[in-house]
Structures are given as structure tokens and as C-alpha cells.
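For reference, the structure is listed below as C-alpha cells.
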Amino acid sequence: MNESSLTLSELNRQVKDAIRDHLPETYWMRAETSDVRRNRNGHCYLEFIEKDAVTQSIIAKARGVIWANVFQMLSAYFENETGQQFTSGINVLVCVSVEFHELYGYSLTVVDIDPSFTLGEIARNRQLILKQLEEEGVLTLNRELELPELANRIAVISSPTAAGYEDFCDQLANNPGGFVFYAKLFSAVMQGDRSEASIIAALEKVFQYRELFDAVAIIRGGGASSDLSCFDSYLLATNVAQFPLPVISGIGHERDVTVLDIVAHTRTKTPTAVAEFFIACLNRTATELISLEERVVSESESRLLKEQTDLFSLSKELVHQSSLMIQREIAAIQQLSGRMKYGVKHLLQHQFHLLENREQFIQMVSPVNILKRGYTLTLKNGRIVTSLHDLSVDDIIETRFRDGISTSVISKIEKSER
């Protein structure tokens, strides 16, 4: 048995010879391009894939190569005829030769292309999904959301073992501004048939705690472009488009723009770029706050200086006006004092004259003066008698003269008739 065994290289060589001897030199093949890339030497390396028409899962895959001299001619021809570059996600009709290398295994070498076989299933599928989202009015909903000024509470949808997730966390933790971020992982499968449902389930979990977050980051590390098919899903796209928090995508492919990237609030190239995006947002906010602080300090200092100047000027004016007012009041008081002195003197003189006149009048009507003129006063029981009717016979009366008093008894009363 040992004598009939083959080494791996011998077996691979026999496979190579069998393929060369039994297969035609070339085949025209329909397939979708994926992971198209050109190296420094001008060679184009890619993958050919085939998807199930219903499930959209990949059912066949093969490595491909277009050598530099052929690629230079075919790519220019293809672009000129179709109006687009030869890239991933297009359905092509290519003429290939089947190769099997002892070290690199099975591959297809492209020798010709039919440009009339235009956009591939991935590109057409993207266009159909985007058109449907636009017709439903949800295509730009997430992009229209406003990212908070302090977006540091981030719900992260990623695989916990992905290198891209670690890079994302390291970038946030070691940011040069020293900003604090709170990143919560919502684990999801990021490639394969289960990825679409897994990412949607993670979004639903985030939705339950949406008040605790400012944004959502959907991140994935590198990999083949063919592994990005889940990000062209209509269900995932419509969930992201209508999600109430801004969604930032970073699924690790600069050259591939998926439907998820288009409906997301912001598309970045890699998980690290997503972290840099959040850091840049906080840095802008911090810069604005510092600028605002400097403006507040400057305005406050200017206002204080102005107020001090105004207060000093007002103080001087107050002292000046107070001095003027005091002088005016002193002058008014002096003037009023002069008028009062004159008025009091005049009033006293007037009162003095009144008193003199009244004194003269009182002296004129005084009983003493009347008696001096020859009149007498008759009193009965100390009261002046003014009428004959006040007297009766035998009444004792006093008669006062200028120089004395006499007492009399009424013996007879004679009343005159008029």
C-alpha cells in the first residue's frame, strides 16, 4: 500500500494533468464578481460567485485572475462599453481557462469578456432595494437624524471576537483628547447566512434601551467582498433606515459600498474609522465649548471693565451733581430763611398794630373811662342793672361813681311811658 501512495504534490499534479487533458482550453462562464482588486504589478485578482435565486446565499465560489496585459485591455474595453469600471458586484460573462496549480489549487484565468452582460445581480439587487426604499419614503430617514453634540454613549453591533471590534474599543479608549466613551456591545453574527437575522435582532435589543444611547455603530473587520451580501439585505436596510438613533457603519471595505452604508446616517471605511468619527465629533464639540468659554471670559472681562468705567464715571457725576444739589438747596434754604425772617417780622408788626388798636378800643369802652366821663354804674347783688324792671321797692343797690361808691334803698319806682 505504501508503494502505491502519492504525495500531495504528485496528486495535485495528476489533477492538473487530468484537467488539462480532458477539459477544453476555455469556457464562457456567467458569474458575479466579488473582491476585485489589482496589485502593484497590474494583475487583477478576484472571486467569482453564484447565488441562489431565492435565498441569495452563495452556492458556488472560485478564485480568478486576469493577468496584467489582458486586464489592461479588457478593463478599458469593458468600461468604454458599459460606462462603469470593472469592479465587485457586477454580473459578467467571461471567457476563462480552468487552471489547477499544485500549490495554489483551483482557479479561473480570464482571457476575454462580453461587455453586453452588464450589471450583475449584486448591483441590480442594490438598485432595486434602494429604489424600493425611496418609494417607501424611508431611504434618507436615518441620515436626516441629528447626531447629539455629546455622542459618547454608543451601542455597538459586532461580533465579540472580531479584531475590528477590538480596534474600535482601543481607538476609543486611547483617544488623544481623553474623552470618555460608553460602548455597549450587542453581539451579532457579521457574515454568513445567519448574519441578516442576527444583526436585526441586535437592533431590536438596542431599540428597547434606546434612551440610554446616542448612536449605533455597526462594525465588522475585513474579509472577502462576497461575505458582504447580508449588508445588501432589504430587511436589514429598512430596519436601519427607520431606526430612531443615528447608525454609523464601518464594515471594513473601502471599495465596497453596500445598501446598509447608503441608508446609514454616516458611512466610514473601517471599525477604527467609526471610532475616529465619534472622537472627531466630541473633539469638535470640545473645541466649540473651549471657544465659547474663551468668548464668555473675554466678554465678561470686557463687560466688567466697561461697568467699572461706567461706575467710576457715574460716581464722579453723582458727586458733582450732589454738590450742585447741595449748593442749590443751601441757597434755597438761605433764600427761604431770609423770606421767613422778613415775613415773621412783618407779621409781628401787623399783630402788634392789631393789639394796639384793640387795646385802644378796650380802653375806650372800659367802665373806668366811662365813669370818668360822668357816667355811673348801678349794681344789684353784684350785677349791673340795665333796666328799671330789674328793680323792686326796698332793693339795695350800689351806685359807682368815678371817685367812689354809694348805697341806696329803692323806696319808689316810677316807670315812664313811651
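The analysis underlying the following values was restricted to heavy atoms, covering all of them including side chains, and did not include hydrogens, waters or symmetry mates.
A donor-acceptor contact under 3.5 angstrom links the side chains of Thr285 and Glu149, judged on distance only. Donor-acceptor pairing under 3.5 Å is lacking for the side chains of Ser323 and Gln327. A side-chain donor-acceptor contact under 3.5 Å links Thr258 and Asp261.
In this structure the side chain of Thr33 never reaches within 4.5 angstrom of the side chain of Glu47, judged on heavy atoms. Counting heavy atoms from C-beta outward, Ile279 and Leu172 have side chains that approach closer than 4.5 Å. A 4.5 Å side-chain heavy-atom check between Leu289 and Thr287 finds every atom pair outside the cut-off. Looking at heavy atoms from C-beta onward, Arg400 lies in side-chain contact with Leu379 at the 4.5 angstrom threshold. Annotation: side chain of Val259 is in contact with side chain of Leu133 (closest heavy-atom distance under 4.5 Å). By the 4.5 Å heavy-atom criterion applied to side chains, Pro160 and Leu185 are counted as neighbours. Put simply, the side chain of Phe48 reaches to within 4.5 Å of the side chain of Val110, judged on heavy atoms. Annotation: side chain of Ile219 is not in contact with side chain of Ile248 (no heavy-atom distance under 4.5 Å).
A cation-pi geometry, defined here as NZ or CZ lying under 6.0 Å from the six-membered ring centre and within 45° of its normal, does not hold between Arg339 and Tyr342.
Taking CD of Glu196 as the reference point, atom CG of Asp232 lies at 10.5 Å (rounded to 0.5 Å). Note: Leu236 CG to Ile199 CD1 = 5.5 Å, rounded to the nearest 0.5 Å. Here CG of Leu311 is found 10.0 Å from NZ of Lys306. Values are rounded to the nearest 0.5 Å.
Of all heavy-atom pairs between Leu147 and Cys281, the closest is CD2-SG, 3.6 Å. Looking at every heavy atom in both residues, Ile154 comes nearest to Phe213 through C-CD2, 3.7 Å. Between Phe181 and Ala151, the closest heavy-atom pair is CE2-O, 3.9 Å. Ala217 approaches Phe278 most closely through the heavy-atom pair CB-CE1, 4.2 Å. Residues Ala62 and Tyr106 come closest through the heavy atom pair CB-CE2, 3.7 Å. Closest of all the heavy-atom pairs between Tyr165 and Ser158 is CB-OG, 3.6 Å.
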Self-check item: Criterion side-chain contact (heavy atoms from CB on, under 4.5 Å) on Asp35 and Tyr45, from CA distance to verdict
Solution: CA-CA 8 Å; Asp35 201 23; Tyr45 296 95; over 6 Å; no
Self-check item: Steps toward salt bridge (charged side-chain N to carboxylate O under 4.0 Å, His left out) verdict (Asp17, Arg13)
Solution: CA-CA 6 Å; Asp17 293 340; Arg13 193 176 301 112; over 6 Å; no
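Classification of the His346-His350 ring pair by plane angle, with boundaries at 30° and 60°, yields parallel. Ring geometry for Tyr104 against His101 counts as tilted: the plane angle lies between 30° and 60°, on a 0 to 90° scale.
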